[in-house]
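In the text below, chain A, chain B and the rest are named by the order of the sequence lines, each starting its count at 1.
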Amino acid sequence: MMRYLPLSDADRSEMLRVIGASSVDELFRDVPENSRLQGPIEGLPMHASELAVERHMTALSRKNMVAGDVPFFLGCGAYKHHIPASVDHIIQRGEFLTSYTPYQPEIAQGTLQMMFEFQTQVARLFGCEVANASMYDGSTAMWEAILMAHRVTRRNRSLISSGVHPHYVNVATTMAKFSEDALETTLPELSAETDAKQLMSRIDGQTCAVVVQYPDILGRITDLAPIAQAAQAAGALLIAVVTEPVALGLLKSPGEMGADIVVGEGQSIGVGLQFGGPYVGLFACREKHVRQMPGRLAGETVDAGGKRGFVLTLSTREQHIRREKATSNICTSSVLCALAFTSHLTLLGEKGLRELATLNHARACEVADRLAAIPGVSLVNEGFFNEFTLKLPIEARPTVHAMVERGVLGGVSLGRLYPGSEALQNGLVVAVTESSSDEDINALEAALKEVVQ
Amino acid sequence: MMRYLPLSDADRSEMLRVIGASSVDELFRDVPENSRLQGPIEGLPMHASELAVERHMTALSRKNMVAGDVPFFLGCGAYKHHIPASVDHIIQRGEFLTSYTPYQPEIAQGTLQMMFEFQTQVARLFGCEVANASMYDGSTAMWEAILMAHRVTRRNRSLISSGVHPHYVNVATTMAKFSEDALETTLPELSAETDAKQLMSRIDGQTCAVVVQYPDILGRITDLAPIAQAAQAAGALLIAVVTEPVALGLLKSPGEMGADIVVGEGQSIGVGLQFGGPYVGLFACREKHVRQMPGRLAGETVDAGGKRGFVLTLSTREQHIRREKATSNICTSSVLCALAFTSHLTLLGEKGLRELATLNHARACEVADRLAAIPGVSLVNEGFFNEFTLKLPIEARPTVHAMVERGVLGGVSLGRLYPGSEALQNGLVVAVTESSSDEDINALEAALKEVVQ
Amino acid sequence: MTVNPSGWRPSTPVNEEGKIRTVTGNRALMLEEPLIFEIGSSEQTGVDFESRPVAKGHRLAGLERSKPIGLPGLSEPEAVRHYTRLSRQNYAIDLGLFPLGSCTMKHNPRLNEKVARLPGFADVHPLQPQETLQGALQVINELAFWLLDLTGMFGVAMSPKAGAHGELCGLLCIRAALEARGDKREVVLVPESAHGTNPATAAFAGYRVENIPANTAGRVDLDALRARLGPDVAAVMITNPNTCGLFEPDMKAISEAVHATGAFVYCDGANFNAIVGKVRPGDLGIDAMHINLHKTFSTPHGGGGPGSGPVVLSEALSPYGPLPFVARYEDGSYKIVEEETAGAEHPDAFGRMVAFHGQMGMFTRALAYILSHGADGLKQVAEDAVLNANYVLRSLSDLLEAPFAKSGPCMHEAIFSDRGFSNEITTLDLAKALIDEGFHPMTMYFPLVVHGAMLVEPTETESKASLDQFIAAVRSIAGRAKSGDETLKSAPIYAPRRRLDETLAARKPVLTYREPQAEQATK
Amino acid sequence: MTVNPSGWRPSTPVNEEGKIRTVTGNRALMLEEPLIFEIGSSEQTGVDFESRPVAKGHRLAGLERSKPIGLPGLSEPEAVRHYTRLSRQNYAIDLGLFPLGSCTMKHNPRLNEKVARLPGFADVHPLQPQETLQGALQVINELAFWLLDLTGMFGVAMSPKAGAHGELCGLLCIRAALEARGDKREVVLVPESAHGTNPATAAFAGYRVENIPANTAGRVDLDALRARLGPDVAAVMITNPNTCGLFEPDMKAISEAVHATGAFVYCDGANFNAIVGKVRPGDLGIDAMHINLHKTFSTPHGGGGPGSGPVVLSEALSPYGPLPFVARYEDGSYKIVEEETAGAEHPDAFGRMVAFHGQMGMFTRALAYILSHGADGLKQVAEDAVLNANYVLRSLSDLLEAPFAKSGPCMHEAIFSDRGFSNEITTLDLAKALIDEGFHPMTMYFPLVVHGAMLVEPTETESKASLDQFIAAVRSIAGRAKSGDETLKSAPIYAPRRRLDETLAARKPVLTYREPQAEQATK
Ligand SMILES: Cc1ncc(COP(=O)(O)O)c(C=O)c1O
Ligand SMILES: Cc1ncc(COP(=O)(O)O)c(C=O)c1O
């Protein structure tokens, strides 16, 4: 009857005989009679064939506008990059796909070595000494970083830059409502200048951490070194947030500029858009703070025969050992997405990442200039990587919808991200990656021109 | 520079040093200077990124009408059945996909055991004692069967039923032009009666083989037992051709009715439409004739430790051992498609195959009745499995095109298959499988009604 | 099927393995694989780009990277081989029985992988205008609907990223509900046998954790619980079926007792597989429960995630659920309710737990799973999971101590202890010997309430033949364990690695690769 | 990279492997797997169907099946596991070096797998009306165009299903051309070193085969060839580069000599990888050559097919090419020319070799491969393939006899003989010992002209590190072979199976499974 269930009725009878039960229901006798459903649950139809399910799901999928089918320029924390076909092949290897957290290292070296490689790549990319084996996503990683800073500094007042992704800020402020942390943050302004100076001026002896996004939500880039110095001088930590790690192919790493903790969203390397999830949180820090870090860590060791091997280590930080004293409650994280990330990054290598970043930046520069040449439209950013903010002569939200009507996904309106803020309503954030063709760019330019005039 | 080429320039220099050559061109010195191209070949552009290639190929693919996107009713040797997603997963396992013919059995048991299972499944489905590990496709398998019959009977005159797929007949008559075989065949008639009687009357003491398709090109079904008896009484062999093996879930097997050799096209189980290839030829026969069989055979044996294992066997039939005396020149056959076939058939099992066949037949019966109820349209077949022939009041070829304009792939016109034959021009062959939904069937009915009236 | 299905024929044993050390370190198909840092180079790449003229100069605010990163690249052939070879060092459900208790390692249908990769799901941006996302929103809505149907609850929060995140969501709903009535409570009660995430989450949510004891039947001690309840207790976290694989028969009484003191019942739904389609948690009086889609609804574990942990909520808690969520409107359209719109429609929402909308890639798989099984199939899932576990329990309980087997059947997992093993032999040794037999070990030493616990969860997607082979292997090893067979200490001997030195790893953590030169320089 | 990259540290050797026999026969991740007939049942299935009311009775002409077929079924979890476990008993390019000479076991790009599965290619029926197939026809046309560009030939037949089928196509074109001029010739000349398909094909096409000898440099003996040419010779089949991995420097002279006698030159293009993008066979005077898309153009070998063997043709032979083929019209549309239309446009076509249009699934992959590499990449393919082979040749020729190494470099493959091995040790033993080292053996005992031939074709997709490891392993084994190390006779010891009894298999062929009862009944 059901393609996923191997037991036959004959098996079931024989097994009941061995067990000494007369029916399966007897095995459910601990469930009070009146809490057991009598037949199949109501509402849900009976089992369906692959064909029927596939048809239903395909029909639903066709109700969405597919990024790859149209000129597409959305970013703000999720980027469309081309993913090599081999990445999807690798993550579909049954031995990766259908394995568990590597608790039995003798038969999990595949996952463990991959984690160790991932940790090294993330640490190097972020310019840090160590990195963990993944978090849920960038936004939860940022909150975990604030908590970690709290543990390290034993302080609880953190400053969040106005350039941090508003969803990330929302996550932190939500969580802080229930913890002993106080967060300060403001809304960004439509100007080339970030709030770096203002942040530094607000650091004091009670500051736990300063949280800055790099590049920030408007695509701007700030030198983190002065902020790091200011924070560290006051005994606080600098937490840097990276939502577009491809940028680090061209830009100085946050670690290099002195950040103590660097967290990020790994989606843009290997993972794909997927309507927001699953993604993969990146988390790196200084070696001296590693015992305050959340999440799994793979470490090198040797086996009984002297061969190099890898194990999960420093588990005394974790919930399954430390329970309520753990550094985090995280258990299942995002290892398969980490595999996608690490295998894509291995395919790129330093050279490929640099080329990819260069290509992204070059195209973004070109598009920025072309769009800023539309009458009434101006470019907010001075510096940017592959994403920049335009100030439109009209509100950006309706503009985005009007572009959709022209078959173009033209950017993210700041009105969507900051619905409350009058001052931001004309802001449109445009991301340009290698995945946009020349025709796509022409279409964007034409659509925007048409809509704003 | 090229993602598929691991050597770096440094590697190349170092290797040339070891070799003792000053340049790679020196290694090509056996090629006369004037036959060597000086730069990259002309015409072909330089290397391209994955993204660019994928874009080009996707654009081409979108110029085709996709069977799964429209009401679809084509058969005549290639059938659209739903293939479980796990089949594609299995054939993409690198260990199957990127391995070679299993010449080193100690590290090819996966392929060899799969072949052994495939051979057993095919033999049982066809009602034969043995089967080989695959041929290119059904049409070449049929010609190889005629050659095999020639070797067994030492005769060279074969009768091909008019119900055999005309492409298959064309292959055989083409090949016979260059061999010492004489083939007799005629065109089919638009009637419920097959040419069984006529064939039997033409068997004589010089007949090598009688070749009959089951079900035939018009979807008709004939009892093969009398033909088998007539052929065998005259010292000839009966070759049965099966282009839709799913039919054998409901129908008696050709072997059961006495066929000596049964060949077929395995496409309809596991392989998919793929515009005609790759497909997989099925080839089964009596054990006593196995040494005259073409193609690879996996056989059971034991290893040095006494464990059961499998090897390629009876290779003395084959080209790599016997050269010009081999039973066939075939080398590479269609093992990965055989894997698709065997894994789909294993997922089906006897129960699933029976249900699939029953569902196909039931739907075909329903559609046949509905279409035959259209004024002017009549059903040619008495018996059929999932495919039947309609006689239309007008020519079928333009009808098919007119249905395409209505977004329906409504069947194969006999005019396409037999362009020369006036008598067949109004014939339309319609195949109905589980993959057609009720809406598809309504659309077909509506389109045909509209076009013929 | 016989236990030894491979067709071995009796013959003189062949023992040459291990005698010959290969030059490469490989053992035929068991291949060693270096680190990417040892085989790749920063000039190698497996990706090509269109070479286009780069625009005039950078606009990088003077922050161009000047130092190399140290990222090795591999060409595609090398990369595919690297990861394929690594993968072959892993055990997985696709290879055999993976009876890791509490983890529900069931088969992951391949249809679901296909469906999740449909471009309309995989290639859609979370911030696209909502009119371009109606299909995605409908998926979320349909899945939510069936989760409510299956649990009999009132509302559901879809965004949590895994089980532990779901626990957090549930506790925050509780906290928000309590705060909304001005009730500041400080304690969450958690059974000793609870999964580590339960106390960790309670602490994460700002609560003090207190244990509640189990009775001798492995269930929550209702009297002890009643005694502890009071105005300082915000919630009780119960796992049901619990981590000993037993149903809490007093669940309703527990809920009533908790509710009577103004507290809430959080249910850890990690073990929902035992009762899906058979019992609706909503009928047991619980207020919040997370569902691990990567357990009961078979989204792949992937070596440790991604998962997805939607939380079903009672009517009392639903108003406090997090943002964003999907609402269906009368005209059949769907909308994302987030900070902007929540104010009016959902004023009590406690806020956002995560950027974007949760694990779409898991939602599509779980929905396909639910529709594939249907009401009859899901009921069968629970029944077969329970049947398989009891079959293992009864087939081993003469040889292994099964602390709760006397009191009756188990649910979806069977628990054993190491009592009766010869002194030196431990649960760990049995587990490692199972590796040589071709099985993944069971969960070891969890829950803490059973000595040397071995928690076996076969799941419903195992055949009887597979269980029989497992039982035979465990019986053989258990026999050796009882007789004190010392060779168990050296297991595994056939795996890619022998036992690994975890102490060394923790004492001198090496968490990232260092080039040999760099290493030397620091020495 | 060092030869032993796994990080072993010196320690007391551990030799327990093989000492303990497991109950299951498994050795950790090396898993035994029974036959489907031993684990499946005819009532089990891994496929569900919508249950619909079956129409009133059958219309099966009274031919309903009455007896069971005997087809076991497996549920999806069991099936996925069965085939996954089987797959793990295979070696493959994805695992490591697969230097099978003459087979061009290069990396199979995953992009090509993706492209071939686009619904517009994978889900299209061969008999759809041509207006619905323009994209498919354009693929064939584009690929044909690039194959002509790369070979410098005049026409191309796309339908042959593999190399041997391509050979047949080429010989039939030749035969048709000869017959068209009323010339009945009976003999095809084939070098001794030719692949078995060459003589087999010639016989299949109705020709008598005669061997032509090689000279000491491993090339066609031009004088002997000239001497044998005459009015009875229809064609000469040359492999170039030949099966010893050597280019035929006299190819033009051979072609001229052959043409002078009215015969044709068939070139076996299996080794095209050595010269692709560097040399155009059309410049060497050949008349027909097949191209194994599954070699040079990397469509996956799949354990023995499917392949694809398009045949490029000279102007003289092009009119005789088979049906159907694709033509491009001035308006940019494409059409299939088949029996119906051929009459007027292609009256000399020799007919149809295969139902439908050849291997579309291979065409899409090969086209993606060609476009990915481009002119520069393909040239590099040939150069790197030749460089890799020469590197292996020079790194081993001090230890292994390399019969042609003195006369100069090889092309894409290096050939060695077993001369110098101690008496009892053979090429086979070396090959089997390579298995334990984690490599696939080279081609053994082919071509026949070299004693105990070992033909090593690394291909261009192997890294230097991979070759270095292979070289070290071969050197170690060759050393043992020369010193007469008897343990080589028992290799492989680490593979899923030890040496298999091929004689037993052939003497008492067991080609299909028989249920034990059935087996007993017949005994
Ligand atoms: C009983 C129990 N609760 C909670 C969890 C945590 O779930 P997750 O790993 O999805 O965060 C698990 C998972 O291992 C579990 O077994
Ligand atoms: C030299 C040579 N010619 C011909 C062939 C036959 O090609 P195919 O196997 O594609 O039929 C091969 C393949 O092994 C070969 O190596």
Participant: Which region of B/K80, side chain (C-beta onward) or backbone (N, CA, C, O), has a non-hydrogen atom less than 4.5 Å from a non-hydrogen atom of chain D, or is it both or neither?
Facilitator: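 The side chain, not the backbone.
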
Participant: Could you look at B/V31 and say if it's the side chain, the backbone, both or neither that has a heavy atom under 4.5 Å from chain D?
Facilitator: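 Looking at B/V31, backbone and side chain both touch chain D.
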
Participant: Tell me, side chain or backbone of B/I19 under 4.5 Å from chain D's heavy atoms, or both, or neither?
Facilitator: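 When you check distances to chain D, atoms from both the backbone and side chain of B/I19 fall under 4.5 Å.
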
Participant: Given heavy-atom pairs under 4.5 angstrom as the criterion, report whether the side chain, backbone, both or neither of D/N388 touches chain B.
Facilitator: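 Both parts, heavy atoms under 4.5 Å.
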
Participant: Which answer fits B/E382, side chain, backbone, both or neither, if we ask what part of it has an atom under 4.5 Å from a heavy atom of chain D?
Facilitator: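 Answer is backbone: N, CA, C or O of B/E382 sit under 4.5 Å from chain D.
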
Participant: Where does B/P105 contact chain D at under 4.5 Å (heavy atoms): side chain, backbone, both or neither?
Facilitator: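 When you check distances to chain D, atoms from both the backbone and side chain of B/P105 fall under 4.5 Å.
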
Participant: Where does D/P68 contact chain B at under 4.5 Å (heavy atoms): side chain, backbone, both or neither?
Facilitator: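 Both parts, backbone and side chain.
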
Participant: Checking B/V130 against chain D: side chain, backbone, both or neither under 4.5 Å from a heavy atom?
Facilitator: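 Both backbone and side chain.
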
Participant: With only heavy atoms counted, which part of D/R352 is less than 4.5 Å from chain B, the side chain, the backbone, both or neither?
Facilitator: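 It is both, since atoms from each part get that close.
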
Participant: Any carboxylate oxygen within less than 4.0 angstrom of a Lys/Arg side-chain nitrogen, looking at D/D283 and D/K252?
Facilitator: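 Salt bridge: no.
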
Participant: Would you mind checking which part of B/S134 comes under 4.5 Å of any heavy atom in chain D, side chain (CB onward), backbone (N, CA, C, O), both or neither?
Facilitator: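 For B/S134, neither part sits under 4.5 Å from chain D.
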
Participant: Look at the aromatic rings of B/Y4 and D/H107 and report parallel, tilted or perpendicular, splitting at 30° and 60°.
Facilitator: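 Plane angle between 30° and 60°, so tilted.
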
Participant: Give a yes or no on whether a salt bridge exists between D/R88 and B/E95, defined as a side-chain N under 4.0 angstrom from a carboxylate O.
Facilitator: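 No, no charged N to carboxylate O under 4.0 Å.
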
Participant: Checking D/L387 against chain B: side chain, backbone, both or neither under 4.5 Å from a heavy atom?
Facilitator: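 Both backbone and side chain.
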
Participant: Regarding D/D94 and B/R93, does a basic nitrogen lie under 4.0 Å from an acidic carboxylate oxygen?
Facilitator: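 A salt bridge is absent here (no side-chain N lies under 4.0 Å from a carboxylate O).
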
Participant: Checking B/H401 against chain D: side chain, backbone, both or neither under 4.5 Å from a heavy atom?
Facilitator: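 Both parts, backbone and side chain.
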
Participant: Checking B/T120 against chain D: side chain, backbone, both or neither under 4.5 Å from a heavy atom?
Facilitator: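 Contact with chain D involves both backbone and side-chain atoms of B/T120.
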
Participant: Any idea which of B/L251, B/T332, B/T313 has the most non-hydrogen atom pairs under 4.5 angstrom with chain D?
Facilitator: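 The answer is B/L251.
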
Participant: So which residue, D/R280, D/E76, D/Q128, ends up with the most heavy-atom pairs under 4.5 Å with chain B?
Facilitator: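 Result: the option with the highest number of such pairs is D/Q128.
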
Participant: Measuring heavy-atom distances to chain B, does D/D149 have an atom under 4.5 Å in its side chain, in its backbone, in both, or in neither?
Facilitator: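 Contact with chain B involves both backbone and side-chain atoms of D/D149.
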
Participant: Where on B/A123 is there a heavy atom nearer than 4.5 Å to chain D: the side chain, the backbone, both, or neither?
Facilitator: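 For B/A123, side-chain heavy atoms alone lie under 4.5 Å from chain D.
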
Participant: Could you label the plane-to-plane angle of the B/Y136 and D/H165 rings as parallel, tilted or perpendicular, counting under 30° as parallel and over 60° as perpendicular?
Facilitator: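 B/Y136 and D/H165: tilted rings.
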
Participant: Heavy-atom distance under 4.5 Å to chain D: side chain of B/R29, backbone, both or neither?
Facilitator: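 Contact with chain D: side chain only.
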
Participant: May I ask you to decide if the ring planes of D/F356 and D/H125 are parallel, tilted or perpendicular, using 30° and 60° as cut-offs?
Facilitator: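 It falls in the perpendicular class, over 60°.
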
Participant: Please flag which part of D/H195 lies under 4.5 Å from any non-hydrogen atom of chain B: side chain, backbone, both or neither.
Facilitator: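 Both parts, heavy atoms under 4.5 Å.
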
Participant: Could you tell me which portion of D/E167 (side chain, backbone, both or neither) has an atom closer than 4.5 angstrom to a non-hydrogen atom of chain B?
Facilitator: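 Interface part for D/E167: neither.
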
Participant: Once you measure the plane-to-plane angle for B/Y103 and B/H320, does it fall in the parallel (<30°), tilted (30-60°) or perpendicular (>60°) bin?
Facilitator: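 Tilted: the ring planes of B/Y103 and B/H320 meet at 30° to 60°.
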
Participant: Counting only non-hydrogen atoms closer than 4.5 Å, does D/L100 touch chain B with its backbone (N, CA, C, O), its side chain (CB onward), both, or neither?
Facilitator: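 Just the side chain, heavy atoms under 4.5 Å.
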
Participant: Decide yes or no on side-chain contact (heavy atoms from CB on, under 4.5 Å) for D/F121 and B/F275, but give the supporting numbers first.
Facilitator: CA-CA 7 Å; D/F121 299 136; B/F275 190 57; over 6 Å; no

Participant: For chain B, which of D/I370, D/L378, D/L150, D/L246 has the most heavy-atom pairs under 4.5 Å?
Facilitator: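 Max contact count across the listed options: D/L150.
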
Participant: Verify, without hydrogens or angle tests, whether D/Q359 (side chain) and D/G307 (backbone) share a donor-acceptor contact under 3.5 angstrom.
Facilitator: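 Between the backbone of D/G307 and the side chain of D/Q359 there is a qualifying donor-acceptor contact (under 3.5 Å).
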
Participant: List the steps, then state whether side-chain hydrogen bond (donor to acceptor under 3.5 Å, both in side chains) holds for D/S372 with B/R3.
Facilitator: CA-CA 9 Å; D/S372 290; B/R3 58 189 179 269; 2.7 Å; yes

Participant: At a heavy-atom separation under 4.5 Å, does D/L127 approach chain B through its side chain, its backbone, both, or neither?
Facilitator: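 Its backbone and side chain both get close to chain B.
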
Participant: Please classify the contact of B/I90 with chain D as side chain, backbone, both or neither, using a heavy-atom distance under 4.5 Å.
Facilitator: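 It is the side chain, since no backbone atom gets that close.
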
Participant: Heavy-atom distance under 4.5 Å to chain D: side chain of B/E256, backbone, both or neither?
Facilitator: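 It is the side chain, since no backbone atom gets that close.
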
Participant: Who wins among B/E26, B/Q119, B/R36, B/Q104 for the most heavy-atom pairs under 4.5 Å with chain D?
Facilitator: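 Most pairs with chain D among the choices: B/Q104.
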
Participant: Looking at B/K177, B/R62, B/Q92, which one has more heavy-atom pairs under 4.5 Å with chain D than the rest?
Facilitator: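 Most heavy-atom pairs within the cutoff with chain D belong to B/Q92.
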
Participant: Under a 4.5 Å cutoff for heavy-atom pairs, which residue among B/I330, B/T222, B/L248, B/I321 has the most contacts with chain D?
Facilitator: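 Option with the greatest count: B/L248.
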
Participant: Given that the side chain runs from C-beta out, which part of B/E42 has a heavy atom under 4.5 Å from chain D: side chain, backbone, both or neither?
Facilitator: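 For B/E42, the contact with chain D is made by the backbone alone.
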
Participant: Is it the side chain or the backbone of D/F98 that comes within 4.5 Å of chain B heavy atoms, both, or neither?
Facilitator: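 Looking at D/F98, just its side chain touches chain B.
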
Participant: B/V335 versus B/M114: any side-chain heavy-atom pair under 4.5 Å?
Facilitator: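 Answer yes - side chains close enough.
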
